[in-house]
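What follows is a short report on a single structure.
Small disclaimer: the values here were computed from a predicted structure and weren't measured.
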Amino acid sequence: MRVLLLTIALAWAGFTGHIPAAIAQNMNTASPVTIQPDTFVLMDSARSRAIPVAIFRPLSSAASPELVILSHGYGANDPESYLTYRSICNFLALQGYMVISIQHELPTDALLPMEGKPQIVRRPCWERGADNIRFVIQYARQHFTRECNTQLVTLIGHSNGGDMSALFARKYPGMIYKLITLDNRRMALPRTRHPRVYSLRSSDQPADEGVLPGVSKAWKLGMRIIKLPATIHNDMDDGGTPAQRAEINRYILEFMNEK
């Protein structure tokens, strides 16, 4: 009964994606299905850079699932920031996607500058993040081709992680299929149809001028910019309420299902 009610609610909200059996079963249980990620550290020898990652493998046995790369928001060099988006990672893995969450900040890194023009003082951090993403995609294409479709890559990034994901999409548009940002505020979204671009916006923190396209420009490019009226910027990770996390996941799945 709860599955039926939730399905009706999603349809009323405009959701048109298919709900797989694994998710339907999960919706109808008191204890959600949780996928335990594999965590390990990659080494980019060219940059002498350690890149911790958490891999959430799909629950279903579907052939060639698409690959999702998730980049966390700024965590003041907390070494477990990449594990604070389990709601999204777990949800997508249950949907049949393979998700790699990247830890972009190391304890030895300089803290993110809080003074000065962000587009200038934070650019080195975004460049480093874009390099991390590129290395992980290349690593996946060398080691995970039997587990997932490494040619259909979607980037998801929150806040600072969304800024570095947007920069990556501008620098390497041919390497990804879709870009989904959660309230990136500083780096301009690419104005392009390829990759496809989507963004969920918070109710409390506006983006800097030029980050988001105008309504007509977004419409012409097929971009979707959606404001979440009941979700603030800092509630877009696992710290949000169940209702907030469910809404974010619903939109992400809708974006993922669009062709």
Side-chain angles (χ1 to χ4, degrees), residues 15-18 20 23 35 37 53-60 62-73 82 85-102 104 126 129-141 143-145 147-184 187 189-201 218 221-226 236-237 245 247-259:
F15 174 67
T16 57
H18 170 65
I23 298 302
I35 294 177
V53 296
I55 301 181
F56 294 75
R57 288 181 164 82
L59 184 66
S60 69
S64 298
E66 294 178 23
L67 176 62
V68 176
I69 306 292
L70 187 138
S71 296
H72 60 82
Y82 70 145
Y85 295 80
R86 289 176 182 263
S87 173
I88 295 173
C89 296
N90 192 72
F91 177 79
L92 289 176
L94 288 172
Q95 295 287 341
Y97 296 96
M98 183 164 174
V99 185
I100 302 179
S101 181
I102 302 176
H104 287 287
W126 302 337
D131 288 341
N132 290 344
I133 294 170
R134 187 167 184 264
F135 182 85
V136 170
I137 293 175
Q138 291 173 332
Y139 182 91
R141 288 176 175 173
H143 298 276
F144 297 145
T145 54
E147 293 189 64
C148 63
N149 185 343
T150 57
Q151 300 305 312
L152 288 180
V153 179
T154 295
L155 301 188
I156 299 177
H158 175 220
S159 191
N160 195 56
D163 287 326
M164 60 182 64
S165 298
L167 175 61
F168 183 95
R170 295 173 70 93
K171 294 182 67 174
Y172 309 108
M175 290 188 70
I176 63 172
Y177 176 45
K178 293 180 179 179
L179 167 68
I180 302 173
T181 70
L182 309 179
D183 221 32
N184 70 299
M187 171 58 64
L189 293 175
R191 273 56 165 173
T192 177
R193 284 186 173 273
H194 304 286
R196 298 289 302 275
V197 178
Y198 308 86
S199 189
L200 296 179
R201 314 307 304 177
L221 294 173
M223 299 170 63
R224 294 186 61 189
I225 313 297
I226 297 174
M236 301 183 89
D237 58 10
R245 297 197 303 269
E247 182 180 42
I248 289 171
N249 283 338
R250 176 175 64 81
Y251 275 120
I252 289 176
L253 182 59
E254 187 174 327
F255 299 157
M256 298 294 294
N257 283 339
E258 284 191 2
K259 302 301 181 183

Judged by atom type as modelled, is there a donor-acceptor pair below 3.5 Å linking the side chain of K178 to the main-chain atoms of L155?
no
Apply the test side chain to side chain contact (heavy atoms under 4.5 Å, CB included) to residues F56 and L70: give CA-CA distance (whole Å), side-chain angles for both, the deciding distance (0.1 Å), then the verdict.
CA-CA 11 Å; F56 294 75; L70 187 138; over 6 Å; no
Examine R134 relative to F168 and say whether NZ or CZ is less than 6.0 Å from the centre of the six-membered ring and inside a 45° cone about the ring axis.
no
Just so I know, are the side chains of I137 and T150 near enough to count as touching, which here means a heavy-atom distance under 4.5 Å?
no
Flag for H158-Y85: side-chain donor and acceptor within less than 3.5 Å:
yes
Once rounded to the nearest 0.5 Å, what's the spacing between atom CD1 of I88 and atom CG of N90?
11.0 Å
Apply side chain to side chain contact (heavy atoms under 4.5 Å, CB included) to residues L152 and L67 and explain how you reach the verdict.
CA-CA 6 Å; L152 288 180; L67 176 62; over 6 Å; no
Does any non-hydrogen side-chain atom of I100 lie less than 4.5 Å from one of Y139?
no
N/O donor-acceptor pair under 3.5 Å between S101 side chain and A54 backbone
no
For the residue pair T181 and S199, confirm or rule out a side-chain donor-acceptor distance under 3.5 Å.
yes
Do NZ/NE/NH1/NH2 and the carboxylate oxygens of R224 and E258 come within less than 4.0 Å?
yes
Quick one: does Y177's side chain get under 4.5 Å of V153's, heavy atoms only?
no
So, taking the atom named CG in L179 and the one named CZ in R170, what distance separates them when rounded to the nearest 0.5 Å?
11.0 Å
So CD1 of I133 and NZ of K171: to nearest 0.5 Å the spacing works out to 10.5 Å
With a 4.5 Å cut-off on side-chain heavy atoms, are V53 and V136 touching?
yes
For R201, which residues count as a salt bridge (charged side-chain N to carboxylate O under 4.0 Å, His left out) partner, sequence neighbours excluded?
D183
When you measure from the side chain of T145 to the backbone N and O of R141, does any donor-acceptor pair fall under 3.5 Å?
no
H194, NE2: over 12 other non-hydrogen atoms inside 6.0 angstrom
no
What I'd like to find out is whether the side chain of P65 reaches to under 4.5 Å of the side chain of Y97, using heavy atoms alone.
no
Is a donor on one side and an acceptor on the other found under 3.5 Å between the side chain of N184 and the backbone of M187?
yes
Minimal non-hydrogen separation, Y251 against I226, with atom names:
CE2-CD1, 3.5 Å
So I35 and L59, do their side chains get closer than 4.5 Å, heavy atoms only?
yes
Just so I know, are the side chains of F255 and V197 near enough to count as touching, which here means a heavy-atom distance under 4.5 Å?
no
When rounded to the nearest 0.5 Å, the distance separating CZ of F91 from CG of N249 is 5.0 Å
Could you tell me whether the side chains of Y198 and R196 share a donor-acceptor contact shorter than 3.5 Å?
yes
Could you grab the distance from atom NE2 of H104 to atom NE2 of H72, nearest 0.5 Å is fine?
5.5 Å
Could you give the distance from CD (E66) to SG (C148), rounded to the nearest 0.5 Å?
10.0 Å
For R57, which residues count as a side-chain contact (heavy atoms from CB on, under 4.5 Å) partner, sequence neighbours excluded?
D38, I55, M98, F144, E147
Is any side-chain heavy atom of L189 closer than 4.5 Å to a side-chain heavy atom of I225?
yes
Would you check, one step at a time, whether the test side chain to side chain contact (heavy atoms under 4.5 Å, CB included) holds for I156 with I69?
CA-CA 6 Å; I156 299 177; I69 306 292; over 6 Å; no
So, for L221 and R193, which heavy atoms are closest and what is the spacing to 0.1 Å?
O-CG, 3.3 Å
